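By convention here, the first residue in the shown sequence is residue 1. Everything numeric in this text was worked out from a predicted model, so none of it was measured.
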Amino acid sequence: MNEKKIELLAPAGDMERLEMALAYGADAVYLAGTTFGMRSFAGNFSPEELKAAVELCHGKSVRVHVTCNTMPRNEEAARLPEWLEYLDSLGVDAVILADMGVFSLAGKYAPHVERHISTQASVVNYQCARAWYDLGAKRVILARELSLDEIREIRAKTPKELELEAFAHGAMCVSYSGRCLLSNYMTGRDSNRGACAQPCRYQYALMEEKRPGEYFPIFEENGETYILNSRDMCMIDHVGELMEAGLNSLKLEGRAKSAYYAAIVTGAYRHAIDAAMAGEPLDPVWRDEVEHISHRHYSTGFYYGQPGQFTEDSRYIRDWQIVAKVRSCDGEGNALLTLNNKFSTGDTLELVGPDVRPVSFQVGELRDEEGNVLEQVRKPQMRFTLKLPQAAPPLSLLRRQADLTP
């Protein structure tokens, strides 16, 4: 048994995604209010919703980390004290920040809240990590660009009281953790204030000044044209090594991604951490789950060297679609569900859920809430009943294989 405990920190872009992260095994969640967070298009939480989120999480002994990691301008900085005081009053566990001014304000206006240094601060050495600790930081979220050996050295040369967090899964920025001007320059959307338009994913061509309208493809070999395209990170096969390196928290990227993503990736890494702590190999069925979510081609990030680029296209791989969510289910598998995408009697679906191994089955009799037999369920969010192949807890999911790659 590995006695080293490590936090699983899951993304929560809104209340639905928060509920999924909690159901599928998160130890902590990170989320944002409607301002000051680096994912302004994630949905996020109003002040009232944030209060409800903190109460829900703390009722399940799950920590809440609130992102406040944009680089605020003067007019935004003036609004920070009131926001930080509100976070403190809610009992938020930590605030994630990158700006020195925000750090100072958080110490003054949210004195009961831990200060975690965002990956936006690009902490890449032990001197920087130690300096943040000396100023009052409880945790540093290390830059994605570090190797495992560099993390080991940072751990060895910083106070043991300083917690270290690092990303284990999700999208990677082609620049240093969001320090990119392309989006602001090309679209007016500032990546350092949570509004990146991801121009690194665009397909580019070359146009010569005196030949307007004549485009020349940019490529090196084999028609490769996506010159800025980065792979996604996936470290599920190496969770034990991340723990051995001395990390206190494994972070899953994805506040702007779907509730289905939040559920599946959280559940997969929950099993990976539990297996590593028990000194056991990860069951391949849970490793396979990260292939069932929307993702770009995977790499191990910078942990073992340069991740390389996938330059054939910038498309997401989307091979599975959620069709329904379990609301309740008895011990015989008789379930009440809500619909996400239409399906019919006789279709082949897969059931997956918190601690529910994926199981394929053919859809039997469908009924509406009044008991009327249906051949197909079509209306989004409609409630219906279906006999599942086994009992399943609430927030289990039905999905089907479908090529949704754009």
Side-chain angles (χ1 to χ4, degrees), residues 10-26 29 41-43 169-171 232 234 236 252-271 285-296 315-329 333 335-364 366 368-369 374 376-406:
D14 58 20
M15 189 62 77
E16 182 186 15
R17 285 171 271 188
L18 172 64
E19 290 173 347
M20 286 297 190
L22 296 179
Y24 283 74
V29 296
F41 303 110
H169 193 96
D232 279 4
C234 178
I236 196 166
L252 308 176
E253 186 274 339
R255 279 193 296 123
K257 295 180 179 175
S258 68
Y260 172 64
Y261 172 98
I264 298 303
V265 75
T266 301
Y269 277 85
R270 175 76 276 154
H271 286 280
V285 73
W286 303 118
R287 167 61 180 84
D288 190 51
E289 280 299 281
V290 296
E291 303 294 342
H292 286 67
I293 55 176
S294 176
H295 66 281
R296 294 187 171 98
R315 296 176 179 176
Y316 283 98
I317 300 168
R318 293 183 176 127
D319 295 331
W320 291 83
Q321 178 186 57
I322 179 175
V323 297
K325 184 187 302 179
V326 175
R327 290 299 177 187
S328 63
C329 183
L336 173 67
L337 306 98
T338 52
L339 184 71
N340 289 71
N341 289 286
K342 66 180 181 180
F343 65 93
S344 305
T345 300
D347 286 354
T348 298
L349 302 181
E350 198 167 84
L351 168 68
V352 65
D355 290 324
V356 176
R357 293 171 66 87
V359 56
S360 180
F361 71 102
Q362 191 172 53
V363 176
L366 295 163
D368 63 19
E369 285 191 282
L374 305 169
Q376 186 182 68
V377 281
R378 299 177 56 89
K379 186 177 179 182
Q381 298 308 309
M382 72 173 288
R383 291 177 174 240
F384 64 96
T385 62
L386 171 65
K387 178 102 159 70
L388 301 177
Q390 65 182 68
L395 301 185
S396 293
L397 302 169
L398 301 187
R399 66 189 180 195
R400 66 176 164 211
Q401 199 158 14
D403 184 6
L404 304 174
T405 301

Check A21 against T266 and note the closest heavy-atom contact, atom names and distance. O-CG2, 3.7 Å
Can you sort out the partners of R357 under salt bridge (charged side-chain N to carboxylate O under 4.0 Å, His left out), two or more places apart, ordered by chain and number? D283
Can you measure from CD (E253) to OH (Y261) and round to the nearest 0.5 angstrom? 5.0 Å
Report yes or no: does S344 contribute a side-chain atom to a donor-acceptor pair with the main-chain N or O of D347 at less than 3.5 Å? no
Looking only at heavy atoms, the pair that brings A262 and P11 closest together is CB-O, 4.3 Å
Do V290 and Y269 come within less than 4.5 Å of each other through their side chains, counting heavy atoms only? yes
With a 4.0 Å cut-off, would you call R399 and E289 a salt bridge? yes
Is any side-chain heavy atom of Q390 closer than 4.5 Å to one of L351? yes
R400 side chain reached by N341 side chain, heavy atoms, under 4.5 Å: yes
Nearest-0.5 Å distance that lies between atom CG in L395 and atom CG in L22: 9.5 Å
Any idea which heavy atoms bring N340 and A324 closest together, and the distance? OD1-CA, 3.8 Å
Can you tell me how far the CD1 atom of I264 sits from the OG atom of S294, to the nearest 0.5 Å? 13.0 Å
Look at the side chain of R17 and the backbone N and O of R255, then say whether any donor-acceptor pair between them is shorter than 3.5 Å. yes
Taking all atoms of both residues into account, what is the closest heavy-atom pair of Y24 and G353, and its distance? OH-CA, 3.4 Å
State, yes or no, whether a side-chain contact exists between D355 and H271 at a heavy-atom distance under 4.5 Å. yes
If I take atom OH from residue Y260 and atom NE2 from residue H292, how far apart are they, to the nearest 0.5 angstrom? 6.5 Å
Closest heavy-atom contact between C329 and A392? CB-O, 3.1 Å
Side chains of V377 and M382: closer than 4.5 Å at any heavy-atom pair? yes
Apply side-chain contact (heavy atoms from CB on, under 4.5 Å) to K257 and V265, showing your working. CA-CA 11 Å; K257 295 180 179 175; V265 75; over 6 Å; no
Rounded to the nearest 0.5 Å, the CG atom of L339 sits from the CD1 atom of I322 at a distance of 10.0 Å
Test item: F343 and L366 side chains (from C-beta on) under 4.5 Å apart, heavy atoms: yes
If I take atom CZ from residue R327 and atom OG1 from residue T338, how far apart are they, to the nearest 0.5 angstrom? 4.0 Å
Would you mind reporting whether L386 and L398 have side-chain heavy atoms less than 4.5 Å apart? yes
Specify the closest pair of heavy atoms between P393 and S396, including all atoms of both residues, with the distance to one decimal. O-OG, 2.8 Å
Quick check: do I293 and H169 have side-chain heavy atoms less than 4.5 Å from each other? yes
Step-by-step salt bridge (Lys or Arg N to Asp or Glu O under 4.0 Å) determination, K325 to E16: CA-CA 12 Å; K325 184 187 302 179; E16 182 186 15; 2.7 Å; yes
